[in-house]
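Scroll down for the structure; my scribbles are underneath it.
Each residue takes its place number in the sequence, starting with 1.
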Amino acid sequence: MLVVEADGNYVQPFLVDDLDIYSGESYSVLITTNQNPKNNYWVSVGVRGREPKTPQGLTLLNYLPNSASKLPVSPPPVTPRWDDYNHSKTFSKSVLARMGSPKPPRFYNRRMILLNTQNMINGHTKWAINNVSLVLPATPYLGSVKFLLNHTFDQRSPPESYPANYDIMKPPVNTNTTTSSGVYRLKFKSTVDVILQNTNAIKANVSEIHPWHLHGHDFWVLGYGEGKFSKNDEKKLNLKNPPLRNTAVIFPYGWTALRFVADNRGVWAFHCHIEPHLHMGMGVIFDIEGRFVRGIPSEALACGATGRMMTKDGKYH
């Protein structure tokens, strides 16, 4: 397969036998149907990043006019092991921007380091970012910001980093965490760096892979690294041809560096795209001058406090 596009942006084409696709990602590939036209061919789908409890999935590449019920003569290809992270890293690092693609700004205005941890709250397993587990409020953020309904969500901004002495290779010393519905307020058209930092989960020797997805923007993936991100890693960042994506993974015990320009007004979620992980607290919210967004559909504001403000004719008082 010739990979030509990722998350809606052209990439420098490269050939692969298999694709690593995590939740939220998309790719376009080109194939040449130059095999024996008398046969059909297997396509295998396996689980990545989580130990599968089922066999790999199968479908057919059907060469017409063969019947789709005609089974291939060759055995199905075996997908890579679910925990072959070196294979995943090689693939991810091969995704580079096509020549002529937009390049990132050379400098950032603001950098936040988001530590991903597994925690406990009242006996329930949660996820947290810099020891804050996101709890989504009943009132949509955009309506709250638009109408200055400050009572509907936490007005304190979450922390932008974590203690320097935190050991990412071991389970957290204190598994307790706090909850918040607070947001990060970003200046319009500012350049923002986000360092996603992975850690050990509650169980020893366990660090899970997470695909992070940003709403409203694409970001440049500046690089991946092992261990804890430090100033020494600055020189490793790719400012020449980093790919523009809207989803990127953090690998076990590693970091992923992202850069984006906050040029789309609104209130945007940035979260792990494994859906339960978002609802367990693995996410943050960026407010980029959401107060100045116009033309918001009334249907998007019909919940919580903004819904109670709506009159029968769909207007607000």
Side-chain angles (χ1 to χ4, degrees), residues 1-31 44-52 56 77-99 101-104 113-116 168 193-199 201 206-215 217-230 233-260 270-274 277 282:
M1 294 175 285
L2 184 68
V3 183
V4 296
E5 172 267 329
D7 294 349
N9 295 287
Y10 288 116
V11 300
Q12 186 174 309
F14 64 102
L15 283 167
V16 294
D17 293 323
D18 59 83
L19 291 165
D20 259 42
I21 305 179
Y22 290 93
S23 179
E25 294 184 321
S26 65
Y27 292 96
S28 293
V29 301
L30 302 177
I31 63 171
S44 300
V45 181
V47 176
R48 306 295 291 133
R50 299 293 185 278
E51 185 174 2
Q56 63 184 35
V78 178
T79 60
R81 274 186 56 87
W82 69 273
D83 58 353
D84 187 351
Y85 294 121
N86 286 332
H87 185 89
S88 294
K89 292 172 185 177
T90 297
F91 177 84
S92 296
K93 293 176 182 179
S94 298
V95 182
L96 299 170
R98 190 185 66 171
M99 186 179 297
S101 299
K103 292 186 178 182
I113 303 177
L114 304 183
L115 183 76
N116 291 232
I168 69 165
D193 272 17
V194 176
I195 310 298
L196 295 169
Q197 178 66 64
N198 214 343
T199 63
V206 173
S207 183
E208 298 186 5
I209 196 167
H210 299 283
W212 274 77
H213 174 70
L214 176 60
H215 292 211
H217 300 76
D218 285 343
F219 49 68
W220 288 275
V221 183
L222 301 186
Y224 306 88
E226 309 295 328
K228 186 184 291 188
F229 181 83
S230 69
D233 293 311
E234 295 273 2
K235 66 188 76 169
K236 303 176 185 177
L237 300 182
N238 176 15
L239 299 179
K240 179 182 177 182
N241 58 351
L244 265 175
R245 307 292 304 267
N246 58 47
T247 306
V249 300
I250 46 171
F251 293 104
Y253 302 109
W255 54 264
T256 299
L258 314 174
R259 179 169 294 178
F260 72 98
F270 181 46
H271 61 95
C272 178
H273 211 275
I274 299 173
H277 288 190
M282 188 178 277

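When each of H277, H273, H271 is paired with H210, the ring-ring contact (aromatic ring centres under 6.0 Å, His included) condition holds for H277 and for no other. A side chain to side chain contact (heavy atoms under 4.5 Å, CB included) with W255 is found for exactly one of I250, D233, L114, namely D233. For the salt bridge (charged side-chain N to carboxylate O under 4.0 Å, His left out) with R48, the qualifying choice from D18, D84, D20 is D20, the only one to do so.
Counting only distance, with no hydrogens or angles, the side chain of H213 and the backbone of N246 share a donor-acceptor pair below 3.5 Å. Remark: side-chain polar atoms of N238 are not paired, donor with acceptor, to backbone N or O of L222 under 3.5 angstrom. Of the possible donor and acceptor atoms, one in the side chain of S101 sits under 3.5 Å from a partner among the backbone N and O of R98. A side-chain donor-acceptor contact under 3.5 Å links Q197 to the backbone of F229. Counting only distance, with no hydrogens or angles, the side chain of N241 and the backbone of A97 share no donor-acceptor pair below 3.5 Å. The main-chain N or O of I209 is never found under 3.5 Å from a side-chain atom of N198 such that the two would form a donor-acceptor pair. Formation of a donor-acceptor pair under 3.5 Å by the S44 side chain with backbone atoms of T79 is not found in this model.
Rounded to the nearest 0.5 Å, atoms CZ (F251) and OG (S207) are 11.5 Å apart.
Contact annotation: the side chain of M1 never approaches that of L15 to less than 4.5 Å [non-hydrogen atoms, C-beta and beyond]. Residues L30 and V4 form a side-chain contact, since some pair of their non-hydrogen atoms from C-beta on lies under 4.5 Å apart. Put simply, the side chain of F91 reaches to within 4.5 Å of the side chain of V16, judged on heavy atoms. The shortest distance between side-chain heavy atoms of P13 and V3 does not fall below 4.5 Å. You'll find the side chain of V11 stays beyond 4.5 Å of the side chain of Y27, heavy atoms only. A heavy-atom distance below 4.5 Å is found between the side chains of Y224 and K93.
Taking a 6.0 Å sphere around NZ of K103, one finds it holds 12 or fewer heavy atoms contributed by other residues, nucleotides or ligands.
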Side chain to side chain contact (heavy atoms under 4.5 Å, CB included) evaluation trace for F270 with V194: CA-CA 11 Å; F270 181 46; V194 176; 3.8 Å; yes
Verdict with supporting geometry, F260 and D218, side chain to side chain contact (heavy atoms under 4.5 Å, CB included): CA-CA 7 Å; F260 72 98; D218 285 343; over 6 Å; no
Check step by step if side chain to side chain contact (heavy atoms under 4.5 Å, CB included) holds for L258 and L196. CA-CA 8 Å; L258 314 174; L196 295 169; 4.0 Å; yes
Would E51 and R81 count as a salt bridge (charged side-chain N to carboxylate O under 4.0 Å, His left out) here? Give the steps. CA-CA 9 Å; E51 185 174 2; R81 274 186 56 87; over 6 Å; no
Give the intermediate values and the outcome of side chain to side chain contact (heavy atoms under 4.5 Å, CB included) for residues V29 and L19. CA-CA 9 Å; V29 301; L19 291 165; 3.8 Å; yes
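Across all their heavy atoms, T256 and A248 have their closest contact at CG2-CB, 4.3 Å. Considering every non-hydrogen atom in both Q56 and G46, the closest pair reads CB-CA, 4.4 Å. Heavy atoms only, all atoms of each residue included: P104 and L239 are closest at CD-O, 3.9 Å. Among all heavy-atom pairs drawn from R245 and S26, the shortest one is NH2-O, 4.5 Å. Shortest non-hydrogen contact noted between G49 and Y85 is O-OH, 3.7 Å. The two residues W220 and P242 have their closest heavy-atom pair at CD1-O, 3.6 Å.
Salt bridge R50/E208: present, at least one basic N to carboxylate O contact under 4.0 Å.
Side-chain atoms of S28 and Y10 include no donor-acceptor pair closer than 3.5 Å.
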